[in-house]
Amino acid sequence: MIKIDQYFDPASWQKFTQAAEGRETPFLVVDLSRIKSKYNEMVGLFPEAKIHYAMKASPAVEVINLLAELGSNFDCASIYELDRVLDCAVDANRISYGNTIKKAQHVKYAYEKGVRLYATDSEADLKNIATYAPGSNVFVRILVEGSDTAEWPLSRKFGCDPAMATNLLIQARDLGLVPYGVSFHVGSQQKSVAVWNDALMTVKNIFEQLLNEQGIKLQMINLGGGFPARYLSQVNPIKEYAEAVKQYLVDSYGVDDMPEIILEPGRSLAASSGVLVSEVVLISRKSHDDTTRWVYTDVGLFQGLIETLGEAIKYPVYTPKMETSTNAGRVVLAGPTCDSADIMYEETDYQLPEELEIGDKIFWLATGAYTNSYSSIEFNGFPPLEVVYVD
Ligand SMILES: *Cc1c(COP(=O)(O)O)cnc(C)c1O
């Protein structure tokens, strides 16, 4: 069983418990000061990089305002996220449109709003950008390895192979766009440091080929997101990723010819800021001699815990009785809706105190990313997840 001091010092934990007092569960408490310190850490580790916060991790106005003030740029996935960030008075030149899947009319809209930096990975999308966002900077997303070591892989749906990427960048020039750079995403919650190096090697080849054969000098490498957050198991500190990546970049480009570097962190900035507070609705067993308890909480996949699909993301699950209990037992953790997919953990060995009772609070730690933005609106009539911000 976990102890809360493995995750929080007493003062930080108190912020969450204070915000939780007297409020009906479920709700998410987000401590903005933790996002701030993660952002500052990232800037400190990559002082020469531009950070484009991947808004989809936690697109709240409170988070956008904080990061905007700290000097962050933003990567949006849709015109709706774009509107949100523009409404926070962020200048369009600080925004990239990172989704490679977009309607022509949305490209046009983004262009009219001033966005001049677009991701692409296909000819059809590139042509839309040339038509509706003429003269813009484009970067091509390549497919990279990494899905085996990422807990939430993103790679297969996006990106194209390096030969196609090279062709798209040539075509971009021919269509009057600026062939600006190359991007990749090694998969979210990426455990391996080495996959960045592999991806960067492919990028380097594209840079060289375009320069040598076409006279195209690319200007930017977008390293995507993927930096891990601390969930149930320990992960390498971001510092190790930063050092490995920087070393590789210096070795292959030299300090004088270093391209512009963009990072798009989402999870690593937002995850640790959130604690999802829930309550036990029911505890039952499936037969008289069953040793496993089924613990149903008032949050599930549809109230923000969608990343437990396939038991991919393993949130630390905490209940105060863990501090004193010496008697833990195996549980299945499930949500409250009438959908049999609404089971968070059945295969993973989660243990909760035998003293656990209906009505006890269950805290889902490190739930600041990919939770509230995923919460359903009205499935089974449950309202969307309430979020409380503290700092
Ligand atoms: C989701 C996403 C990110 C953020 O990834 P994390 O693993 O949460 O850091 C960055 N870039 C793009 C293009 C994305 O789609």
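Just so it is clear, the values below take in all heavy atoms, side chains as well, and ignore hydrogens, waters and symmetry mates. Order of appearance sets the numbers: ligands from 1, and atoms from 1 within every ligand. Residues: numbered from 1 along the sequence shown.
With ligand atoms numbered from 1 in the order given, ligand 1 contributes 1 (C), 2 (C), 3 (C), 4 (C), 14 (C), 15 (O) to contacts under 4.0 Å with heavy atoms of K56. Short contacts between ligand 1 and H185, defined as distances under 4.0 Å to a heavy atom of the residue, involve ligand atoms 2 (C), 3 (C), 4 (C), 5 (O), 6 (P), 7 (O), 10 (C), 11 (N), 12 (C), 14 (C). The G226 neighbourhood of ligand 1 comprises atoms 5 (O), 6 (P), 7 (O), 9 (O), with distances under 4.0 Å to a heavy atom of that residue. Near P265, the atoms of ligand 1 lying under 4.0 angstrom from a non-hydrogen atom of the residue are 9 (O). Short contacts between ligand 1 and R267, defined as distances under 4.0 Å to a heavy atom of the residue, involve ligand atoms 6 (P), 8 (O), 9 (O).
Scanning all protein heavy atoms for the shortest distance to atom 7 (O) of ligand 1 gives S188 OG, 2.4 Å. Regarding atom 8 (O) of ligand 1, its nearest protein heavy-atom neighbour is Y370 OH, 2.6 Å. The nearest protein atom to atom 11 (N) of ligand 1, hydrogens excluded, is given as E264 OE1, 2.5 Å; this is a heavy-atom distance.
Considering backbone and side-chain atoms alike, G266 places an N or O below 3.5 Å from some N or O of ligand 1.
Listed by chain and number, the hydrophobic cluster partners of V235 come to none, as no ILVMFWY side chain reaches under 4.5 Å of it.
No side-chain heavy atom of N205 sits less than 4.5 Å from a side-chain heavy atom of P162. Residues F158 and I101 are in side-chain contact: their nearest non-hydrogen atoms beyond the backbone lie under 4.5 Å apart.
Within the 4.0 Å heavy-atom criterion, the part of A54 lying near ligand 1 is the side chain and not the backbone. When heavy-atom distances to ligand 1 are checked against a 4.0 Å cut-off, R141 comes that close only through its side chain, counted from C-beta outward. Residue contacts with ligand 1 for F158 are absent, since no atom lies close enough (heavy atoms, distance under 4.0 Å).
A ring-centre distance under 6.0 Å is found for F207 and Y253.
The shortest non-hydrogen separation linking V61 to R84 is CG2-CD, 3.6 Å.
The cationic atom of R267 (NZ for Lys, CZ for Arg) does not lie both less than 6.0 Å from the six-membered ring centre of Y370 and within 45° of the ring axis. No cation-pi contact links R330 to Y350, judged by a cut-off of 6.0 Å to the six-membered ring centre and 45° from its axis.
For residues 214-228, every residue pair satisfying the side-chain hydrogen bond (donor to acceptor under 3.5 Å, both in side chains) rule, not counting sequence neighbours, is listed here: R173-Q214, K217-D257, N222-E264.
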